[in-house]
2 protein chains.
Amino acid sequence: MNPPPNGPPDRRPGGRTARVRAQVLEAVRAELGEHGYEGLTMEGVAARAGVHRTTVYRRWQDVGGLLADVLDAAGEDDWAPPDTGSLRGDLTALNGEIHDSLVVRPSIPQALMAASFRSARAANAQQRLWEDRYQRCEAIVERAVERGELPPDTAARPLLIAATAPLYHQLVLLRTSSEPHLAAQAATTAALAPTAGAFARPAPDVEP
Amino acid sequence: MNPPPNGPPDRRPGGRTARVRAQVLEAVRAELGEHGYEGLTMEGVAARAGVHRTTVYRRWQDVGGLLADVLDAAGEDDWAPPDTGSLRGDLTALNGEIHDSLVVRPSIPQALMAASFRSARAANAQQRLWEDRYQRCEAIVERAVERGELPPDTAARPLLIAATAPLYHQLVLLRTSSEPHLAAQAATTAALAPTAGAFARPAPDVEP
DNA sequence: CCACTAGTGCGACAACTGTTGCTTTAAGAT
DNA sequence: ATCTTAAAGCAACAGTTGTCGCACTAGTGG
């Protein structure tokens, strides 16, 4: 566990301090899982972590601080986007992963997104995590370009967003019942669109 | 103003009761505007509405109840999707409206979406509002079909979602800085995709 | 091993949140 | 005009949340 990028740098990274942080972050995840976001309370986290209330308040200030720390910790993994050998396959697999992470109850990612509405610190952390994830996903587009599936001037980010946004939209915002073909549908649409000329990089603006 | 679909039916729809409801709902919108969602408190709403705390608690129970009522009231307007004469034009104009409503600070729609994460009642109301809006938007697709811009078996909902989801995704979840061409880009992509065969209705599943 | 001190535990406190019983007001019916 | 009663006002209350000063524990460096 590393020091949180938000708070002051840990001047005592060893033993108890690190242990307390680990306990608290684990408690946050557990509480999120059991009671969802609305049930996440400083008191509850402290109790579950076996730590005094004041300790949590002093180191993380509020619920947003806790979640920001959890979010930062989430970005420190070694996740890589799927590599199936085709653009459509990659996007479909990616959407499958997203789908699964969002429909599991309770869904930690959902809870974290909800949280980022309430706290500026959590929102910043969430934004860093999104950026990191989409950054890694650009590999999918690069591979597709190398394979000749996409023109070299394809803008990766809009394509990735077109592929994944419908899934988030339906599952997080609309909260419609999860249709199984949802992931494949959005991925296919995004994979097809470039053949019709979408996602060409802005380049010199041709239209007046 | 009509009785809220959630609470018990107003047994006394006249005079004071209706006036109190109007004052309170207006206060909710104003507070949302000034302090955002996190700053929305029962106390503050009651004070601004010139009404006693207990009144608000008794009729709406909690913040979620208040927002659910606001959401239901929002669906009682006569909004209609833009009609520009072309599919791409309609979708672009629609996205333009969405864009504007989301980048205005403070954004009431954003606040309401945030709220629907915390309260089941607000979530249900939000879901009803989404359904109503997308229902009305299907007219865009129907007109495009009549004009021959789209094949008759086009599934309206996935197309509309493909067109609008990227906008919500970027502005609500990713919170990236609002790029001006965002609305047009997503609309164009969605309008182009059907020419490559996307959005055909599920029909008999052709692939094994 | 000892000294220093960041970090934690503890208890008391004020502020805020939501509830309850009762009183008062006024809408709707006769 | 009068009566009935739903709905709003009021005040007191318990529970919760966040803060503060002080004591203590245990990393860290000599």
Integer-rounded Å distance: [N] [atom2] and [X] [atom1]:
X: A:Glu43; N: D:dT19; atom1: CD; atom2: C1'; value: 14 Å
X: B:Arg19; N: C:dA27; atom1: CZ; atom2: P; value: 7 Å
X: B:His52; N: D:dG9; atom1: NE2; atom2: P; value: 8 Å
X: A:Gln23; N: C:dT8; atom1: CD; atom2: P; value: 10 Å
X: A:Leu66; N: D:dT17; atom1: CG; atom2: P; value: 14 Å
X: B:Arg58; N: C:dG18; atom1: CZ; atom2: C1'; value: 12 Å
X: B:Leu40; N: C:dT17; atom1: CG; atom2: C1'; value: 14 Å
X: B:Gln61; N: D:dA7; atom1: CD; atom2: P; value: 13 Å

(message) I want to verify a distance call: between C:dG7, D:dT17, C:dG18, whose nearest atom is closest to the B:Tyr57 side chain?
(response) C:dG18
(message) If you go through the side-chain atoms of A:Thr54, does one of them form a donor-acceptor pair with the base of D:dC20 closer than 3.5 Å?
(response) no
When you measure from the side-chain N and O atoms of [X] to the phosphate of [N], is any distance below 4.0 Å, counting only OP1 and OP2?
X: B:Arg53; N: D:dC10; value: no
X: B:Thr55; N: D:dG9; value: yes
X: B:Thr41; N: C:dT17; value: yes

(request) Would you check if there is a donor-acceptor pair between the side chains of B:Arg48 and B:Gln23 at a distance under 3.5 Å? (result) no
(message) Under 3.5 Å, is there a donor on one side chain and an acceptor on the other for A:Gln170 and B:Trp130?
(response)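 Side-chain D/A pair, A:Gln170 to B:Trp130: absent.
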(message) So, applying side chain to side chain contact (heavy atoms under 4.5 Å, CB included) with A:Arg59, which one of A:Val24, A:Val20, A:Asp69 is it?
(response) A:Val20
(request) Scan for ring pair (Phe, Tyr, Trp, His ring centres under 6.0 Å) pairs involving residues 99-126 of chain A, sequence neighbours excluded, and state none if there are none. (result) A:Phe117-B:Phe117
